[in-house]
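Structure, as structure tokens:
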Protein chains: 2
Amino acid sequence: MSEESTREADAAAAEGRPRKRLRADAQRSTDALLTAAAEVFATSGVDAPVREITAKAGVGAGTLYRHFPQRSDLIAAVFRHEVDACADSAPSLAARYEPAEALAKWLQRFAGFIATKRGLSAALHSGDPAYDTLPSYFEQRFMPVLGALLDSAAKAGEIRSDVDPEDLLVATRNLTLPAQEDDNGHTPRMIALLVDGLRYGAPAREAR
Amino acid sequence: MSEESTREADAAAAEGRPRKRLRADAQRSTDALLTAAAEVFATSGVDAPVREITAKAGVGAGTLYRHFPQRSDLIAAVFRHEVDACADSAPSLAARYEPAEALAKWLQRFAGFIATKRGLSAALHSGDPAYDTLPSYFEQRFMPVLGALLDSAAKAGEIRSDVDPEDLLVATRNLTLPAQEDDNGHTPRMIALLVDGLRYGAPAREAR
DNA sequence: TGCTAAGCGGAACACTGTTCCGTATCGTTC
DNA sequence: GAACGATACGGAACAGTGTTCCGCTTAGCA
């Protein structure tokens, strides 16, 4: 994830924060906080105590507030961080698997990402301007990624070619909604089904 | 509001709490808390500090927790209290004004009630079972009241007679939504317009 | 190697929800 | 109206939280 700092800086620039290379220790702290916060948010929700996050990150409270003065800053940063991780996983999947398989694997990955985002909707709609750019960031990062995966698979004749990336993104997200705490693998099964649906109308199949 | 204690007891019975006459001082405390909480919720939202409420009510913290062990209990009680106050205002309006005018005045009153309920939707959807009965309570109390006002006005020939109470309730509520902090009397004007719409098709008018 | 700005840690503070218990009040009985 | 038990009250005390502050440490550079 070497381009992460660049991405962060981009986001910073977009928000008007001064764009500057972080000192090594500051970068370490920031990374540790983002990782710890992601875990804590996933298990205890976004309202988890600050100390739980700083303890897991092995960092003092002052350090957290230095980098993320507002709680919303941290939440938004974690969100962007995970969006990036999910989106960046696509190329390596594309390199390792056949196009349709890469698409299937990435959708599963994406569903996993969405599943950890329960309880964020309340924050998103809190009116805090720190969240204003998140939806568009979500779209900007995921649409091209999914578009590319679809394209490759379609070009390879492994799936049909009349699928709108946005439809598929929304559908996948919605599939994760009914999932309860333990859903016995419901979501992965449903996504697999969706991908099979994509394969159904593929030229390679029609041709035989 | 002499029937209030009865109503409270009804609600209590409906929820399985023991139905019992409160001691005089306990009744005073409860009333003071409900009144104070209503004001505080309106100005500072439902997340306002407990001490702000107890201070305004002139009551100790222990007293609040005695009567409302959970915050959701207090919120629900305030809600019911205000629903009652709004619903109970209809008869006196009906006695003082011509039917259509009473209807208009009550809808304005209802709009005022709704306007103070912003920020409650988050609580309502929090999943706390204490709120489960509130929507039906809302409907049970308001539908008959509005139905009676409509009936009277229709029977007097002052408005058309093909209006569904539920439609009107929802419409009025929705009219208050776009209102900002200072909307320069937007909502009252829109409601007046709505009532004029009701009057338009009235028999008394058609007959001339 | 030494210097300086940047960054760090965590004690300390302010504010919150919640509990607890000695005291006060109510309603009843005689 | 006096006495008494049950009920309710008040607010200090406690525990948990977010946030600030500042002496100390470290990274980067000359």
Side-chain angles (χ1 to χ4, degrees), chain A residues 5 8-9 12 17-37 40-41 43-78 119 122-123 126 128 130-131, chain B residues 4-5 8-9 12 17-37 40-41 43-78 119 122-123 126 128 130:
Chain A
S5 57
E8 219 306 301
R17 277 186 274 147
R19 172 183 200 144
K20 184 168 55 164
R21 191 165 145 49
L22 284 179
R23 226 175 73 172
D25 51 354
Q27 183 68 57
R28 268 199 307 276
S29 296
T30 304
D31 289 346
L33 280 168
L34 285 178
T35 306
V40 171
F41 287 168
T43 59
S44 312
V46 292
D47 289 327
V50 168
R51 283 187 234 285
E52 196 178 336
I53 299 169
T54 56
K56 184 164 290 217
V59 139
T63 303
L64 189 156
Y65 282 94
R66 160 170 289 269
H67 295 299
F68 306 102
Q70 311 282 339
R71 170 165 285 257
S72 56
D73 295 332
L74 178 60
I75 295 174
V78 167
S126 67
D128 191 314
Y131 302 127
Chain B
E4 179 182 319
S5 56
E8 217 307 299
R17 275 186 277 147
R19 174 184 199 142
K20 183 166 61 163
R21 192 165 144 46
L22 283 179
R23 225 175 73 172
D25 52 354
Q27 183 68 57
R28 269 199 307 275
S29 297
T30 305
D31 290 347
L33 279 169
L34 285 177
T35 307
V40 170
F41 287 168
T43 58
S44 312
V46 293
D47 289 327
V50 168
R51 284 188 233 288
E52 196 178 335
I53 299 170
T54 56
K56 184 164 290 217
V59 140
T63 302
L64 189 156
Y65 282 94
R66 160 169 288 268
H67 295 299
F68 306 101
Q70 310 283 339
R71 170 164 286 255
S72 56
D73 296 331
L74 178 59
I75 295 174
V78 167
S126 67
D128 191 314

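Side chains included, hydrogens not; waters and symmetry mates left out as well; all remaining heavy atoms used. To find a chain, count down the sequence lines: A is the first, B the second, and so on, and within it residues start at 1. This is a predicted model, so every value here is computed, not measured.
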Does any part of the side chain of A:F68, heavy atoms only, come nearer than 4.5 Å to the side chain of A:I75, both counted from C-beta? no

By nearest-nucleotide position on DNA chain C, the 5'-leaning member of B:Y65 and A:G62 is A:G62

Taking for each residue the nucleotide of DNA chain C with the nearest heavy atom, is it B:A24 or B:A48 whose nucleotide lies nearer the 5' end? B:A48

Under 4.0 Å, counting only non-hydrogen atoms across every strand here, what does [X] touch: a base, just sugar-phosphate, or nothing?
X: B:A55; result: nothing
X: B:A57; result: nothing
X: B:A26; result: sugar-phosphate
X: B:S29; result: sugar-phosphate

Nearest to the side chain of [X] - [options]?
X: B:T63; options: D:dT19, D:dT7, D:dG10; result: D:dG10
X: B:D25; options: C:dT25, D:dG18, C:dT18; result: C:dT25
X: B:P49; options: C:dC26, C:dG17, D:dG18; result: C:dG17
X: B:R51; options: C:dA11, C:dT16, C:dA6; result: C:dT16
X: B:R66; options: C:dC8, D:dA8, D:dG11; result: D:dA8

Quick check on [N]: is either OP1 or OP2 less than 4.0 Å from any side-chain nitrogen or oxygen of [X]?
X: A:R28; N: D:dA27; answer: yes
X: A:R23; N: C:dA5; answer: no
X: B:H67; N: D:dC9; answer: yes

In whole angstroms, how far is the [atom2] atom of [N] from the [atom1] atom of [X]?
X: A:R21; N: D:dC29; atom1: CZ; atom2: P; answer: 9 Å
X: A:E52; N: D:dG16; atom1: CD; atom2: P; answer: 13 Å
X: B:F68; N: C:dT18; atom1: CZ; atom2: C1'; answer: 16 Å
X: B:I53; N: C:dT18; atom1: CD1; atom2: P; answer: 11 Å
X: B:L74; N: C:dT18; atom1: CG; atom2: C1'; answer: 15 Å
X: B:L22; N: D:dT7; atom1: CG; atom2: C1'; answer: 11 Å
X: A:L64; N: D:dT19; atom1: CG; atom2: C1'; answer: 11 Å
X: B:D73; N: C:dG17; atom1: CG; atom2: P; answer: 15 Å

Taking all non-hydrogen atoms of both residues into account, name the closest pair between B:I53 and B:L64 and its distance. CG2-CD1, 4.3 Å

Heavy-atom closest contact (A:T54 atom, A:A61 atom, distance): CG2-CA, 4.0 Å

Is it the case that the side chain of A:S44 and the backbone of A:F41 share a donor-acceptor pair, with hydrogens and angles ignored and the cut-off at 3.5 Å? no

State whether the side chain of B:R71 and the backbone N or O of B:V46 hold a donor-acceptor pair below 3.5 Å, judged by distance alone. yes

B:T30: which of B:L22, B:T63, B:V59 passes side chain to side chain contact (heavy atoms under 4.5 Å, CB included): B:L22

